[in-house]
Amino acid sequence: GCAPVTVNLTQYSTGDTTFYWDLGDGNVSNLHDLAWTYSVPGTYTIELFAYGCGFDSYTAEVTVLSGPPIDFSFTPVTACAGEPFQFTGAVAGVSSLSWDFDDGTSSVLTNPSHVFATSGTFEVALTATAINNGCSTTVMHPVSVSATPVAAFTPMPDNGCIDLEVAFQNTTTGADFSQWTFGDGNTSASTAPFHTYTEAGTYDVLLVAEALNGCIDTAFAQVVAHPR
C-alpha cells in the first residue's frame with residue numbers, strides 16, 4: 001500500500017510458550033497481535049519467532065509504495081494582500097494534482113496564479129497522485145502576505161463656487177503615509193489636508209495610502225469648482 005501503511009498482524013501460533021516479532025524496520029514487539037505503521041517506502045520482512053519445546057519462525061513481506069517526488073516554488077517571496085502570487089509546480093509522472101491555498105480556495109492547474117484577499121501566513125499545499133501506483137504526495141510551504149491599507153476619503157464640500165476651500169476627510173485604515181494629488185497641479189502629504197480651488201473646473205483627486213510594509217492602496221473622488 002501507499003505510505004503510510006498500517007499492517008494488522010495476527011498470529012495463529014500453537015504450542016509456544018514465548019514469542020516476539022521482528023518488524024523489519026529496527027523495531028520488535030512481544031504483543032500477541034498488533035497493528036504497526038510503516039511510514040518510509042520500502043520492502044519490510046516481518047518475522048515472528050515462537051519458542052516452546054522447540055523453535056519455529058514465520059516471515060512475511062510488506063511493500064510500502066511511495067508517492068511522486070514533487071515540490072513547488074512561488075514568486076514573489078512575499079506580496080501585499082490583493083497582489084498575485086505565481087505558483088510553479090515541479091511535478092512529473094503524475095495523473096492528477098490539486099492546490100489548497102489555505103484560504104478556502106483551490107486549483108487544479110499545474111502553475112496557478114493566486115491572490116490572497118487578506119494578510120497572514122498561509123500554508124499552501126500541493127497534492128499529486130503518481131501514474132504508476134496511484135499513491136499521493138503532499139508538500140506544503142508557508143506563504144507570507146502583508147497587510148494592505150484600505151484608502152478612503154470624502155471631500156467636504158465636493159462642489160461649490162470659487163474660491164472653493166475643501167476639507168478632505170481621510171477615513172483610510174491601515175496606512176502610515178498619505179500622498180494627495182488635487183488635480184490642479186498641487187499635492188500634499190498631510191493626513192487630512194485642506195485645499196483651495198481658485199479656478200473653475202472638475203478636478204480628479206487622488207489619495208495614495210501607504211503602510212510601513214510598502215503596501216499601497218488608492219482612492220479617487222471628484223471636486224467641482226463653479227465659476228462665479
Side-chain angles (χ1 to χ4, degrees), residues 71-90 97-126 139-228:
D71 204 352
F72 69 88
S73 60
F74 56 90
T75 56
V77 175
T78 185
C80 303
E83 296 179 352
F85 284 86
Q86 179 62 51
F87 292 88
T88 303
L97 62 85
S98 64
W99 297 82
D100 182 347
F101 296 111
D102 196 27
D103 62 354
T105 64
S106 61
S107 175
V108 294
L109 299 177
T110 302
N111 303 312
S113 178
H114 185 68
V115 174
F116 294 91
T118 60
S119 61
T121 300
F122 298 87
E123 291 292 337
V124 177
L126 170 62
V139 61
M140 302 177 69
H141 293 303
V143 176
S144 178
V145 181
S146 301
T148 299
V150 178
F153 71 94
T154 303
M156 302 177 64
D158 61 1
N159 72 91
C161 299
I162 58 171
D163 292 335
L164 176 63
E165 183 176 20
V166 179
F168 292 92
Q169 183 180 2
N170 191 346
T171 54
T172 299
T173 58
D176 299 288
F177 309 103
S178 298
Q179 181 65 44
W180 301 82
T181 301
F182 296 116
D184 61 355
N186 292 289
T187 62
S188 175
S190 299
T191 301
F194 290 84
H195 184 66
T196 301
Y197 292 91
T198 58
E199 295 184 6
T202 298
Y203 299 94
D204 293 319
V205 182
L206 167 66
L207 168 61
V208 178
E210 183 176 357
L212 285 172
N213 59 19
C215 296
I216 292 174
D217 191 28
T218 58
F220 297 87
Q222 278 192 340
V223 173
V224 180
H226 301 288
R228 290 186 179 276

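If you're wondering where the values come from, they're calculated on a predicted model, not measured in any experiment. Heavy-atom basis, side chains included; hydrogens, waters and symmetry copies ignored. Residue numbers start at 1 and run along the sequence shown.
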Novice: Measure from the ring center of H195 to the ring center of F168 and say whether it is less than 6.0 Å.
Specialist: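 No, the ring of H195 stays outside the 6.0 Å limit from the ring of F168, centre to centre.
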Novice: Report yes if the distance between the aromatic ring centroids of F87 and F101 is under 6.0 Å, otherwise no.
Specialist: yes
Novice: Any pair with a residue in residues 153-208 that passes disulfide bond (SG atoms under 2.5 Å apart), sequence neighbours left out, goes on the list, sorted by first then second residue, please.
Specialist: none
Novice: Ignoring hydrogens, what is the shortest heavy-atom contact between S113 and Q86? Give both atom names and the distance.
Specialist: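 Nearest heavy atoms, S113 then Q86: CB-OE1, 3.6 Å.
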Novice: Has T218 got a side-chain atom pairing as donor or acceptor with L207's backbone, closer than 3.5 angstrom?
Specialist: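 A pair under 3.5 Å: no.
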Novice: Taking all heavy atoms of N170 and all of T191, pick out the closest pair and write down the distance.
Specialist: ND2-O, 2.8 Å
Novice: Tell me whether T78 contacts the main-chain N or O of S144 through its side chain, where contact means a donor paired with an acceptor under 3.5 Å.
Specialist: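 Confirmed, T78 side chain pairs with S144 backbone.
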Novice: Using modelled atom types only, decide if a donor and an acceptor are shared between the side chain of Y197 and the backbone of F182 within a distance under 3.5 Å.
Specialist: yes
Novice: Donor-acceptor pair, distance only, cut-off 3.5 Å: does the side chain of D217 make one with the backbone of A151?
Specialist: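 Looks like yes, one N/O pair under 3.5 Å.
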Novice: For a side chain to side chain contact (heavy atoms under 4.5 Å, CB included) check, start with the C-alpha distance between E199 and D184, then their side-chain angles and the critical distance, and finish with the verdict.
Specialist: CA-CA 9 Å; E199 295 184 6; D184 61 355; over 6 Å; no
Novice: With heavy-atom distances below 4.5 Å as the criterion, would you say the side chains of V166 and Y203 are in contact?
Specialist: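 No - every pair of side-chain heavy atoms lies 4.5 Å or more apart.
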Novice: Would you confirm whether D102, through its side chain, and E123, through its main-chain N or O, come within 3.5 Å as a donor-acceptor pair?
Specialist: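 Looks like yes, one N/O pair under 3.5 Å.
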Novice: Do you know which two heavy atoms are closest between V205 and F153, and how far apart they sit?
Specialist: O-CZ, 3.7 Å
Novice: Output yes when a side-chain donor or acceptor of S119 lies under 3.5 Å from a complementary backbone atom of A81, and no otherwise.
Specialist: no
Novice: Quick check: does any side chain N or O of D100 sit under 3.5 Å from a backbone N or O of A125, one acting as donor and the other as acceptor?
Specialist: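 Absent.
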Novice: What do you reckon, is CE of M140 surrounded by more than 12 foreign heavy atoms closer than 6.0 Å?
Specialist: yes
Novice: Between N159 and H226, is there a side-chain heavy-atom distance shorter than 4.5 Å?
Specialist: yes
Novice: Give, for atom OG1 of T181 and atom CG of D204, the distance between the pair rounded to the nearest 0.5 Å.
Specialist: 11.0 Å
Novice: Do H141 and L126 come within less than 4.5 Å of each other through their side chains, counting heavy atoms only?
Specialist: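 H141 does not reach L126 side chain to side chain.
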Novice: Is the shortest side-chain heavy-atom distance between T88 and N111 below 4.5 Å?
Specialist: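 Result yes, sub-4.5 Å side-chain heavy-atom pair found.
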Novice: Go through the steps to decide whether L97 and T110 satisfy the test side chain to side chain contact (heavy atoms under 4.5 Å, CB included), and finish with yes or no.
Specialist: CA-CA 7 Å; L97 62 85; T110 302; 3.9 Å; yes
Novice: Quick one: closest heavy-atom pair of F72 and V139, and the distance?
Specialist: CE2-O, 3.6 Å
Novice: Do I216 and V208 have side-chain heavy atoms sitting under 4.5 Å apart?
Specialist: yes
Novice: Output yes when a side-chain donor or acceptor of W99 lies under 3.5 Å from a complementary backbone atom of V124, and no otherwise.
Specialist: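 No; judged by distance alone, with no hydrogens or angles, the pair does not exist.
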Novice: Could you list all the disulfide bond (SG atoms under 2.5 Å apart) pairs where at least one residue sits in residues 180-228, not counting sequence neighbours?
Specialist: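 For residues 180-228, and leaving out neighbouring residues, the disulfide bond (SG atoms under 2.5 Å apart) pairs sorted by first residue read C80-C215.
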Novice: Under a 4.5 Å cut-off applied to non-hydrogen side-chain atoms, are F122 and P142 in contact?
Specialist: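 Heavy-atom side-chain distance check fails, nothing below 4.5 Å.
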Novice: For T198 and I162: C-alpha separation, side-chain torsions, deciding distance, then whether side chain to side chain contact (heavy atoms under 4.5 Å, CB included) applies.
Specialist: CA-CA 5 Å; T198 58; I162 58 171; 5.9 Å; no
Novice: Check V77 against F85 and note the closest heavy-atom contact, atom names and distance.
Specialist: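 In terms of heavy atoms, the two residues are closest at O-CE2, 4.2 Å.
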Novice: To check you understand the geometry: which heavy-atom pair defines the closest contact between A189 and Q179, and what is its length?
Specialist: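 The pair with the smallest heavy-atom distance is CB-OE1, 4.0 Å.
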Novice: Is the backbone of F116 close enough, under 3.5 Å, to the side chain of D103 for a donor and an acceptor to pair up by distance?
Specialist: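 Judged by distance alone, no pair lies under 3.5 Å.
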